[in-house]
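What you are looking at is a predicted structure, and each value in this text was computed from that prediction instead of being measured.
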Amino acid sequence: MISFSNRWHRALITIALVVASAAPATAQERRVYSPPDLTAVRAISAEHGMVVAQEKIAAQFGADFLRQGGNAVDAAVATGFALAVTYPRAGNIGGGGFMVIHSAERNEDVAIDYRETAPQAASRDMYLGADGKPDTDKSRNSALGIGVPGTVAGLALALEKYGSGNFTLAQIIKPAIELARNGFVVTDDMADTLPDMYSRMARWPNSAKTFSRADGTPLHDGDRLIQADLAATLTVIAEQGPRGFYQGPVAEKTGEGGR
């Protein structure tokens, strides 16, 4: 839920990520859920505003825009693009999501649905093998299983219609671009989850190179992650808007990369 008014300091932002589940794990692979240690949780309060996200660097970017006179939507969009850099397993521009906005000034509630959609060329039988039976590899591990991402269009729309008007899309995305280009230190969630995901990721050379050490092993806690290709893509979005993502070289390379 994202609330905003003409007084941005009353803004409270919570970004919820919708993560598409991968193939069901086998009985041997399933992990037992461990509830969080609530004794370690402490209450946090803020007088002028708060940004909450799965990853702390992205949340800080959002809070910075609040301090500069932005409203909750400005902060949410900045956080969303930053999560593409700092939380690659879920907070990415290759997916989709929802945004719910409440305007206290207009007493209006708005919901933006920017989940992925099926490609125009999708067909009823696209996931069938040569034998006419469902081919799970096609639906889960190939380009055919990818929807047209909605995140870039959705975040840009939210900023255009409900942002404060104090910042351009390029200004909102700039911190994420710099972070992707210059890199940041791998910690916390990424350090914990990357080793398990690396075996799937390693099938694509460019992905393996980005998330690997020089010796070919996955990045560890304390290593620096630099994502030059992502920085280039975000730069195109900043300069051309959503059209730069959905049309032209970026779209063509995205399609070719999944084949």
Side-chain angles (χ1 to χ4, degrees), residues 15 17 51 53-68 70 73-97 99 112 114 116 143 146-186 190 201 204-212 219 223-259:
I15 292 186
L17 298 174
V51 178
Q54 181 73 13
E55 195 283 321
K56 60 186 178 183
I57 298 176
Q60 184 61 59
F61 284 172
D64 288 343
F65 278 99
L66 286 182
R67 294 189 188 95
Q68 297 174 53
V73 174
D74 297 333
V77 174
T79 301
F81 277 109
L83 284 170
V85 181
T86 64
Y87 194 56
R89 72 182 179 93
N92 58 77
I93 56 176
M99 184 180 293
I112 303 175
Y114 50 94
E116 305 89 331
I146 301 173
V148 178
T151 295
V152 173
L155 294 182
L157 175 67
L159 182 68
E160 178 183 355
K161 296 192 66 174
Y162 304 104
S164 67
N166 295 333
F167 307 99
T168 64
L169 181 63
Q171 291 173 315
I172 290 287
I173 299 178
K174 182 179 178 181
I177 295 173
E178 294 178 345
L179 191 64
R181 181 184 298 121
N182 300 326
F184 62 96
V185 177
V186 173
M190 189 183 298
M201 190 184 308
W204 292 277
N206 286 340
S207 297
K209 181 180 179 181
T210 298
F211 292 92
S212 296
L219 295 176
D223 291 336
R224 179 169 291 273
L225 172 60
I226 296 176
Q227 302 170 83
D229 289 343
L230 178 57
T233 298
L234 290 172
T235 299
V236 171
I237 297 170
E239 294 175 348
Q240 302 178 23
R243 177 172 296 183
F245 180 74
Y246 293 103
Q247 300 176 18
V250 171
E252 291 170 4
K253 290 179 181 179
T254 302
E256 292 171 357
R259 292 173 186 168

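- Of all the heavy atoms in Pro242 and Ala156, the pair that sits closest is CG-CB, 3.5 Å.
- Checking side-chain atoms of Tyr246 against main-chain N and O of Ala153 turns up a donor-acceptor pair under 3.5 Å.
- The side-chain heavy atoms of Ile93 and Leu234, taken from C-beta on, include a pair separated by under 4.5 Å.
- With a 4.5 Å cut-off on side-chain heavy atoms, Asn92 and Thr151 do not count as touching.
- In this structure, Phe81 CZ and Leu169 CG are separated by 5.5 Å, a value rounded to the nearest 0.5 Å.
- No side-chain heavy atom of Val77 sits less than 4.5 Å from a side-chain heavy atom of Phe167.
- With a 4.5 Å cut-off on side-chain heavy atoms, Gln227 and Phe211 count as touching.
- The side-chain heavy atoms of Met99 and Leu155, taken from C-beta on, include a pair separated by under 4.5 Å.
- Here the closest non-hydrogen pair linking Ala158 and Ile112 is CB-CD1, 3.8 Å.
- In this structure, CD on Gln171 lies 10.0 Å from CG on Asp74, to the nearest 0.5 angstrom.
- What you find for Thr79 and Ala58 is that their closest heavy atoms are OG1-O, 3.4 Å.
- Counting heavy atoms from C-beta on, the side chains of Ile173 and Thr235 never come closer than 4.5 Å.
- Counting only heavy atoms from C-beta outward, the side chains of Gln60 and Ile57 never approach each other to under 4.5 Å.
- For Asp229, the CG atom counts as loosely surrounded, since its 6.0 Å shell holds 12 or fewer non-hydrogen atoms of other residues, nucleotides or ligands.
- Residue Leu83 comes nearest to Glu55 through the heavy atom pair CD2-CB, 3.8 Å, listed as atom of the first residue, atom of the second, then distance.
- Counting heavy atoms from C-beta outward, Arg224 and Val185 have side chains that approach closer than 4.5 Å.
- Residues Phe65 and Ala78 come closest through the heavy atom pair CD1-CB, 3.5 Å.
- Across Leu179 and Phe184, no two heavy atoms sit closer than the pair CD1-CB, 3.8 Å.
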